[in-house]
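These notes concern the structure reproduced below.
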Amino acid sequence: MSSSPQVSNAAVRVRFAPSPTGWLHIGGVRTALFNYLFAKKQGGKFLLRIEDTDTDRSEQKYTDDILSSLKWLGMEAEEPLLYQSHRNKIYHEIANSLISQGLAYRCYCTEAEVEATREQMMKEGKKPMYARTCRERVDAVTGRTSFAIRAKFPLSGLTRFTDMIRGEITFPNEDLDDFVLIRSNGVPTYNFVVVIDDIEMKISHVIRGDDHINNTPKQVFLYEALNAKQPLFAHLPMILGQDKKKLSKRNGETSTNAYRSEGYLPEALLNFLVRLGWSHGDQELFTSDEMIALFDLEHVQVSGAVFNTEKLLWIQGEHMRKADPKRLLEIVKTDFAGKLSTTSLERLNSAMGLELITFVQQKVKLVKELAEQLHPLCEKGVMTVDASTLKWNKDEVLKNKIKDAIRSLIAELKPAAKEPSQSLGAYGYDHVKVDTLLRALCEKHGIKLGDFTGPMRLFVTGQATSAIGLFDLLSILSWDVIEARLEACLKS
RNA sequence: GUCCCCAUCGUCUAGAGGCCUAGGACACUGCCUUUUCAAGGCAGUAACCAGAGUUCGAAUCUCUGUGGGGACGCCA
């Protein structure tokens with residue numbers, strides 16, 4: 001995504017902070033996008049942090065995927081990435097300092113004990129929480145060496161913060177837990193490190209999914225405990241599946257690379273995503289520059305949005321038609337080479353290939369479909385086709401008339417193509433001329449144009465449905481290929 | 001269960017008290033165009049969760065109810 005010149009506002013710093021425990025989630029992309037757009041619009045910076053504190057589930061391949069997908073989408077970090085796994089020492093120092101200030105404490109309870117009280121409270125109809133057994137403990141428990149570190153969260157009062165999208169949100173402190181800062185295995189938790197790192201990175205605006213609203217009071221407590229200035233919070237509505245529940249693998253495709261391999265263009269995916277929870281009047285279609293110029297938090301929706309694949313496909317089609325054919329050619333070559341043969345790929349690189357793309361991109365929506373359409377058109381030989389559905393199978397007389405007409409057509413075109421490997425377009429047979437010629441032949445042989453073109457289209461395009469008209473094909477494809485395919489048609 | 005958030009066509013949304021007999025888009029239906037159609041053009045169906053209040057006036061403000069979602073982890 002390119003960025004138009006904006007006023008520089010160095011104070012605006014936002015981040016996208018995924019955890020590398022899965023492929024880049026499409027909902028994560030929307031979060032990243034809103035952060036990115038906000039930063040670009042304000043002239044601030046977009047940063048990236050890898051939240052890999054969950055050592056069991058974090059994997060390098062997922063980090064690689066997140067980075068390559070973001071690059072594909074044109075949203076790259078403007079400062080070096082921060083990896084939480086590299087900052088363990090700092091987290092421990094801060095935790096210990098909180099203990100010495102009386103803002104955190106060591107908890108010697110085992111996970112099983114904590115789990116037991118949680119279940120008990122649930123049964124009693126209370127909010128499941130830690131029983132605060134170790135909160136006022138002064139010494140270590142005899143016989144136990146392993147401990148977690150917990151926040152000493154206030155027992156009463158209110159914690160509030162202002163959300164830029166929803167206004168003031170208030171939580172009674174008594175409903176909040178003494179959450180864990182450092183696990184007994186020494187690994188710090190999300191709620192703890194997110195605050196430390198946002199302070200370290202000088203994040204001014206935390207823009208994230210609204211599933212984090214409930215985490216915010218815990219984090220507000222930590223900002224105060226660490227004596228740091230709170231960032232401004234903006235909680236985005238969730239992206240929902242068709243079942244109106246949080247989008248997950250169960251109710252829709254969530255990995256970004258899946259959309260790429262389906263043949264979606266990055267700008268189309270972003271355009272679709274930006275309209276999920278944000279609007280600018282009646283405008284549906286945005287270029288990447290327009291998104292940056294128009295984006296604002298004021299028009300972000302508060303309620304969840306269902307991920308609508310049909311609309312995504314429509315937006316994709318709109319962007320496909322506007323895309324630069326040269327760029328589409330490159331995408332076909334890098335992402336969809338497998339849809340073509342060595343020969344068709346080679347011939348696609350010619351002027352003919354580019355001309356075909358300009359036609360096919362008007363009809364087809366996905367780049368994958370573009371590649372599939374292009375293959376038989378660029379192949380040199382005769383394609384195997386299923387002629388059983390042709391109308392002429394039911395009418396022997398018609399079939400002969402059509403074949404006669406095709407013979408006449410070959411007889412007329414063959415001498416015209418002085419160099420058979422050239423296209424007839426090179427000899428003046430453009431769309432209009434082909435049109436006139438075919439209509440004249442139909443009249444002469446007493447057949448309908450539709451009946452005439454049916455079998456020809458099947459054999460020339462090599463497929464049942466073609467995104468490009470026969471008249472155009474006859475002038476674009478090289479004559480030797482057309483002739484061979486028409487001959488095959490005569491033999492069928 | 002407890003806490004938090006939310007509530008306009010099937011879906012994405014416009015809407016900041018009168019401009020709303022609620023607008024746009026996707027999808028759907030019909031028609032047109034046409035050399036196939038998967039493109040294009042035109043038209044149509046379709047919504048303010050309910051009830052009270054505030055007001056001359058409410059989709060817009062308040063309250064209650066209902067419904068939905070999210071969070072309640074030594075996941076992030």
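Below, chain A is the first sequence line, B the second, and so on; all start at residue 1.
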Hey, would you say the [X] and [Y] ring centroids sit under 6.0 Å apart?
| X | Y | answer |
| --- | --- | --- |
| A:Tyr190 | A:His212 | yes |
| A:Phe34 | A:Phe295 | yes |
| A:Phe286 | A:Trp278 | yes |
| A:Phe38 | A:Phe46 | no |

Do [Y] and [X] meet the salt-bridge criterion of a basic N to acidic O distance under 4.0 Å?
| X | Y | result |
| --- | --- | --- |
| A:Arg15 | A:Asp198 | yes |
| A:Lys322 | A:Glu267 | no |
| A:Asp435 | A:Arg439 | yes |
| A:Arg57 | A:Asp54 | yes |

Nearest of [options] to any side-chain atom of [X]?
| X | options | value |
| --- | --- | --- |
| A:Thr189 | B:C3, B:U11, B:A76 | B:A76 |
| A:Lys245 | B:A38, B:G69, B:C26 | B:G69 |
| A:Asp175 | B:A71, B:U2, B:A39 | B:U2 |
| A:Lys244 | B:U11, B:U13, B:C72 | B:U11 |
| A:Ile169 | B:C5, B:U13, B:C26 | B:C5 |
| A:Arg321 | B:G40, B:C6, B:G10 | B:G40 |
| A:Phe171 | B:C4, B:C6, B:A14 | B:C4 |
| A:Arg118 | B:G40, B:U11, B:C72 | B:C72 |
| A:Asn215 | B:A27, B:A76, B:C4 | B:A76 |
| A:Lys246 | B:A76, B:A71, B:C72 | B:A71 |

Should the side chain of [X] and the base of [N] be counted as holding a donor-acceptor pair, with the cut-off at 3.5 Å?
| X | N | answer |
| --- | --- | --- |
| A:Asp210 | B:G70 | no |
| A:Lys127 | B:C3 | no |
| A:Lys363 | B:C37 | yes |

In whole Å, I'd like the distance from the [atom1] atom of [X] to the [atom2] atom of [N].
| X | N | atom1 | atom2 | result |
| --- | --- | --- | --- | --- |
| A:Trp278 | B:U13 | CH2 | C1' | 12 Å |
| A:Tyr190 | B:A71 | OH | C1' | 12 Å |
| A:Leu176 | B:C4 | CG | P | 10 Å |
| A:Glu284 | B:G24 | CD | P | 12 Å |
| A:Gln301 | B:C12 | CD | P | 9 Å |
| A:Asn214 | B:C6 | CG | P | 12 Å |
| A:Leu24 | B:A76 | CG | P | 18 Å |
| A:Gln242 | B:C12 | CD | C1' | 11 Å |

(message) At less than 4.0 Å, is any side-chain N or O atom of A:Lys311 found next to OP1 or OP2 of B:A27? Yes or no.
(response) no
(request) Please check the phosphate of B:A76 (OP1 and OP2 only) for any side-chain N or O of A:Thr53 closer than 4.0 Å. (result) yes
Counter-base of [N], judged by Watson-Crick or G-U geometry with both distances under 3.5 Å:
| N | answer |
| --- | --- |
| B:C28 | B:G44 |
| B:U33 | none |
| B:A14 | none |
| B:A38 | none |
| B:A71 | B:U2 |
| B:U60 | none |
| B:U54 | none |

[atom1]-based separation of [M] from [N] [nearest Å]:
| N | M | atom1 | answer |
| --- | --- | --- | --- |
| B:G15 | B:G73 | C1' | 41 Å |
| B:U29 | B:C61 | P | 37 Å |
| B:A14 | B:A71 | C1' | 31 Å |
| B:G30 | B:U45 | P | 15 Å |
| B:G67 | B:G51 | C1' | 14 Å |
| B:G10 | B:A52 | C1' | 31 Å |
| B:A46 | B:U13 | P | 23 Å |
| B:G53 | B:G17 | C1' | 15 Å |

Contact class for [X] vs. all strands (heavy atom < 4.0 Å): base, sugar-phosphate, or nothing?
| X | value |
| --- | --- |
| A:Lys123 | nothing |
| A:Arg57 | base |
| A:Thr170 | sugar-phosphate |
| A:Thr461 | nothing |
| A:His431 | base |
| A:Gln361 | nothing |
| A:Gly317 | nothing |
| A:His235 | nothing |
| A:Leu449 | sugar-phosphate |
| A:Asp435 | nothing |

(request) Could you tell me how the ring of A:Phe221 sits relative to the ring of A:Phe153: parallel (under 30°), tilted (30 to 60°) or perpendicular (over 60°)? (result) tilted
(request) Please round to the nearest 0.5 Å and tell me the distance separating atom CZ of A:Arg106 and atom CD1 of A:Ile99. (result) 4.0 Å
(request) Name the residue closer to the 5' end of RNA chain B, choosing between A:Ile213 and A:Asp178 according to the nucleotide with the nearest heavy atom. (result) A:Ile213
(request) Specify the residue among A:Thr465 and A:Ser184 whose closest nucleotide of RNA chain B lies further upstream toward the 5′ end. (result) A:Thr465
